[in-house]
Q: 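Pasting a structure below so you can have a look.
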Amino acid sequence: MVRRPRVVRRADLHASVSDPAAASMNFLNEVAGRFPDAVSLAAGRPYDGFYTAHDIDRFLAVYRGHLAERGLSAAQIDRTLLQYGRTNGVIGDLIARMLATDEGIEVPSDAVMVTAGCQEAMIIALRGLCSGPDDVVLAVEPCYVGFTGAARILDIDVVPVPEAPDGLDPEAVVRVAAEVRASGRRPRALYVVPNFANPSGVSMPVPARKRLLEAAREADLLILEDDPYGLFGLDDEPRPTLKALDSDHSVIYLGSFAKSVFPGARVGFLVADQPVVDAAHHRTLLADELSTVKSMLTVNTSPIAQAVVGGMLIDSEFSLRTANRGKVEHYRTNLRTLLESLSREFGDDPRMRWNAPEGGFFAVLDVPFEADEELLEVSARDYGVLWTPMSYFYGSGGGECAIRLSCSVLEPSQVEEGVRRLGKLVRDRAS
């Protein structure tokens with residue numbers, strides 16, 4: 001007897017399976033696959049030219065040498081790299097030295113948890129902080145879809161705080177947190193990207209950062225600070241992280257080596273130096289408490305991948321800023337090229353507006369028509385250029401007439417060509 005295959009009803013699956021933001025990103029990837037010759041002003045990944053597979057061997061050898069200098073035998077080195085390791089990671093001390101060197105962040109190595117990319121760090125922090133159905137998190141909007149998607153997987157509501165032209169408004173944070181409490185829910189944390197945010201490219205001025213820390217204390221919030229783009233400013237002006245300004249352990253810092261080393265390593269980290277006190281007044285660090293979540297999620301982060309990143313940190317004398325000088329110049333050139341190309345293409349059209357980020361990978365262009373998936377398909381097929389609808393980054397409406405432009409993965413000449421093609425699309429659609 002031939003049995004029919006068992007059918008699973010979509011309606012019975014968790015809501016995250018049908019996450020509209022994830023579906024939108026899948027659509028973007030599908031369009032890019034069907035039109036491979038289109039210039040992608042959508043992809044936010046790093047430039048391919050910075051990496052070779054030989055880097056893996058080189059950094060791995062550096063880290064093995066480091067372990068040998070610490071007195072480990074050949075068998076112990078092999079065990080460190082090839083066996084299950086410490087849940088919170090084996091390079092926390094190296095990351096702590098890097099944070100002190102580059103950012104002025106002074107934390108004990110035990111406060112560092114090494115994660116399988118920053119995405120895992122977000123999930124661990126959210127799961128650990130939100131303990132009941134009435135716990136919610138606040139997040140700047142427009143918001144990186146990876147964070148809202150992580151919250152959706154965990155059934156945690158994200159309450160938006162509208163982004164101001166110069167970043168998150170601290171007073172808006174206080175107001176939204178009060179509104180959440182008045183509704184009977186408990187706001188636990190605030191997610192923010194202070195430096196060159198994805199998708200908007202916006203940065204917070206230093207006075208606003210200091211005021212945000214005060215606002216978090218007033219609202220009894222922890223801050224989840226995500227900083228994947230902080231190295232890549234258009235200038236060398238210091239932009240202190242919230243964690244560097246954090247005097248009372250209000251900030252959990254989320255970090256990634258995807259842009260500063262290479263994405264394939266899949267190594268991120270979180271810094272959670274908040275003291276945790278139990279009923280018997282025993283004190284631990286939040287990073288230690290969160291290790292239970294990680295142990296049930298991924299057991300531990302690949303020691304081999306950690307070794308590659310650790311070797312890079314040792315090789316650069318614990319300075320990502322030193323190691324990334326060439327990348328910084330490339331991304332600066334590309335962002336300047338993008339902004340100059342927008343000015344050249346749209347400078348005479350009063351209907352067109354765009355922002356001018358101080359660094360990072362992204363800028364936002366406002367257009368006089370709806371920039372939806374249907375138009376994106378037309379853009380890829382008929383004009384040979386890809387971009388990202390800003391509506392992807394809003395939870396309940398917004399960004400319908402705006403697009404995110406990314407310049408990270410291209411050569412400068414490709415950025416110019418992409419904007420030229422985009423200009424033709426805009427003129428045809430707006431005429």
Q: With a cut-off of 6.0 Å (strictly less than), are more than 12 heavy atoms of other residues, nucleotides or ligands near CG of Asp248?
A: yes
Q: Hey, is the main chain of Val328 close enough, under 3.5 Å, to the side chain of Asn324 for a donor-acceptor pair?
A: no
Q: Is there a donor-acceptor pair closer than 3.5 Å between any side-chain N or O of Ser406 and the backbone N or O of Leu41?
A: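 No; judged by distance alone, with no hydrogens or angles, the pair does not exist.
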Q: Which pair of non-hydrogen atoms, one from Gly384 and one from Arg421, has the smallest distance, and what is that distance?
A: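 Heavy atoms of Gly384 and Arg421 come nearest at O-NH1, 2.7 Å.
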Q: Once rounded to the nearest 0.5 Å, what's the spacing between atom CG of Leu242 and atom OH of Tyr253?
A: 9.5 Å
Q: Between Phe361 and Tyr229, is the ring centre distance below 6.0 Å?
A: yes
Q: Is the closest basic N to carboxylate O distance between Asp220 and Arg188 below 4.0 Å?
A: no
Q: Among Ile123, Asn198, Leu224, which residue satisfies the side chain to side chain contact (heavy atoms under 4.5 Å, CB included) criterion with Phe147?
A: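 Answer to the side chain to side chain contact (heavy atoms under 4.5 Å, CB included) test with Phe147 among Ile123, Asn198, Leu224: Leu224.
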Q: I need the single residue from Val173, Leu222, Val176 that forms a side chain to side chain contact (heavy atoms under 4.5 Å, CB included) with Leu190. Which is it?
A: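 Among Val173, Leu222, Val176, the one meeting side chain to side chain contact (heavy atoms under 4.5 Å, CB included) with Leu190 is Val173.
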Q: Heavy atoms, side chains only, cut-off 4.5 Å: are Tyr144 and Val193 in contact?
A: no
Q: What do the steps show when you test Leu405 against Thr388 for side-chain contact (heavy atoms from CB on, under 4.5 Å), and what is the final call?
A: CA-CA 7 Å; Leu405 301 174; Thr388 307; over 6 Å; no
Q: Would you call Lys424 and Asp428 a salt bridge, taking side-chain N to carboxylate O under 4.0 Å as the test?
A: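 The answer is yes: the pair qualifies as a salt bridge.
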Q: Could you walk me through whether Arg10 and Ser18 pass the side-chain hydrogen bond (donor to acceptor under 3.5 Å, both in side chains) test, one step at a time?
A: CA-CA 8 Å; Arg10 179 184 288 271; Ser18 302; 3.3 Å; yes
Q: Contact between Phe269 and Leu254 at the side-chain level, heavy atoms closer than 4.5 Å - yes or no?
A: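 The answer is no, as the side chains (C-beta and beyond) never meet within the 4.5 Å cut-off.
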Q: Using distance alone, with no hydrogens and no angle criterion, decide if Ser391 and Glu400 have a side-chain donor and acceptor under 3.5 Å apart.
A: no
Q: Under the criterion side-chain contact (heavy atoms from CB on, under 4.5 Å), I'd like the reasoning laid out for Val136 against Val158: C-alpha separation, chi angles, the key distance, then a yes or no.
A: CA-CA 6 Å; Val136 304; Val158 177; over 6 Å; no
Q: Can you pull the ring pair (Phe, Tyr, Trp, His ring centres under 6.0 Å) pairs that have at least one residue in residues 28-48, sequence neighbours excluded?
A: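 Found Tyr47-Phe50, Tyr47-His330.
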Q: So, Arg64 and Glu69, do they make that salt bridge, N to O below 4.0 Å?
A: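 A salt bridge is absent here (no side-chain N lies under 4.0 Å from a carboxylate O).
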Q: Could you tell me whether a side-chain N or O of Ser379 sits under 3.5 Å from a main-chain N or O of Val385, the two making a donor and an acceptor?
A: yes
Q: Aromatic rings Phe262 and Tyr51: how do their planes relate, parallel, tilted or perpendicular, breaks at 30° and 60°?
A: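 It falls in the perpendicular class, over 60°.
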Q: So, Glu329 and Arg325, do they make that salt bridge, N to O below 4.0 Å?
A: no
Q: Taking 4.0 angstrom as the limit, do Arg58 and Asp315 come out as a salt bridge?
A: yes
Q: Could you walk me through whether His54 and Thr52 pass the side-chain hydrogen bond (donor to acceptor under 3.5 Å, both in side chains) test, one step at a time?
A: CA-CA 5 Å; His54 296 296; Thr52 72; 5.5 Å; no
Q: Just by modelled atom types, is the Asp155 backbone N or O under 3.5 Å from a matching donor or acceptor in the Arg152 side chain?
A: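 Side chain of Arg152 to backbone of Asp155, a donor-acceptor pair under 3.5 Å: no, none is there.
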Q: Within the distance-only criterion (no hydrogens, no angle test), does the side chain of Arg336 pair as donor or acceptor with the backbone N or O of Leu234 below 3.5 angstrom?
A: yes
Q: Should Leu245 and Leu213 be marked as a side-chain contact (heavy atoms from CB on, under 4.5 Å) after you check the CA-CA gap, both sets of side-chain angles, and the distance that decides it?
A: CA-CA 8 Å; Leu245 300 170; Leu213 291 168; 3.6 Å; yes
Q: Inspect the contact between Asp349 and Arg353 and indicate whether a charged nitrogen and a carboxylate oxygen are less than 4.0 angstrom apart.
A: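 Answer for the salt bridge query: no.
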Q: Within the structure provided, determine whether Asp166 and Met204 are in side-chain contact (heavy-atom separation under 4.5 Å).
A: no
Q: Does the side chain of Val140 reach to within under 4.5 Å of the side chain of Val161, using non-hydrogen atoms?
A: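 No, side chains not in contact.
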Q: Check for me whether the distance between the ring centres of Phe362 and Phe196 falls short of 6.0 Å.
A: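 When the ring centroids of Phe362 and Phe196 are compared, they turn out to be at least 6.0 Å apart.
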Q: Nearest 0.5 Å, what's the CZ-CD distance between Arg70 and Gln76?
A: 10.5 Å
Q: Check whether any side-chain heavy atom of Val8 sits under 4.5 Å from a side-chain heavy atom of Leu13, and report yes or no.
A: yes
Q: Can you tell whether the side chains of Arg427 and Glu345 come within less than 4.0 Å, N to carboxylate O?
A: yes
Q: Please examine the side chains of Val308 and Tyr63, heavy atoms only from C-beta on, and report whether any two atoms are closer than 4.5 Å.
A: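 Result no, sub-4.5 Å side-chain heavy-atom pair not found.
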Q: Do Glu120 and Lys294 meet the salt-bridge criterion of a basic N to acidic O distance under 4.0 Å?
A: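 Between Glu120 and Lys294 there is a salt bridge, with a charged N closer than 4.0 Å to a carboxylate O.
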Q: Asp169: which residues meet the side-chain hydrogen bond (donor to acceptor under 3.5 Å, both in side chains) condition with it, sequence neighbours left out?
A: none
Q: Check for a donor-acceptor pair, side chain of Glu358 on one end and backbone N or O of Ser203 on the other, with a separation under 3.5 Å.
A: no
Q: Taking NZ, NE, NH1 and NH2 as the nitrogens, is one of them in Glu340 or Arg344 under 4.0 Å from a carboxylate oxygen of the other?
A: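 A salt bridge is absent here (no side-chain N lies under 4.0 Å from a carboxylate O).
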Q: Is any side-chain heavy atom of Leu375 closer than 4.5 Å to a side-chain heavy atom of Leu425?
A: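 Contact flag for Leu375/Leu425 side chains = yes.
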Q: With side-chain hydrogen bond (donor to acceptor under 3.5 Å, both in side chains) as the test, would you mind laying out the steps for Asp227 and Thr241 before giving the verdict?
A: CA-CA 8 Å; Asp227 190 29; Thr241 65; 5.9 Å; no
Q: Hey, does Asp226 have a side-chain heavy atom less than 4.5 Å from the side chain of Ser256?
A: no
Q: Let me see the working for Leu94 and Phe318 under side-chain contact (heavy atoms from CB on, under 4.5 Å), right down to the final yes or no.
A: CA-CA 7 Å; Leu94 306 184; Phe318 308 100; 3.6 Å; yes
Q: Donor-acceptor pair, distance only, cut-off 3.5 Å: does the side chain of Thr298 make one with the backbone of Thr301?
A: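 Absent.
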Q: Quick check: are there more than 12 heavy atoms from other residues, nucleotides or ligands sitting under 6.0 Å from CD of Glu30?
A: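 Atom CD in Glu30 is crowded, with more than 12 foreign heavy atoms closer than 6.0 Å.
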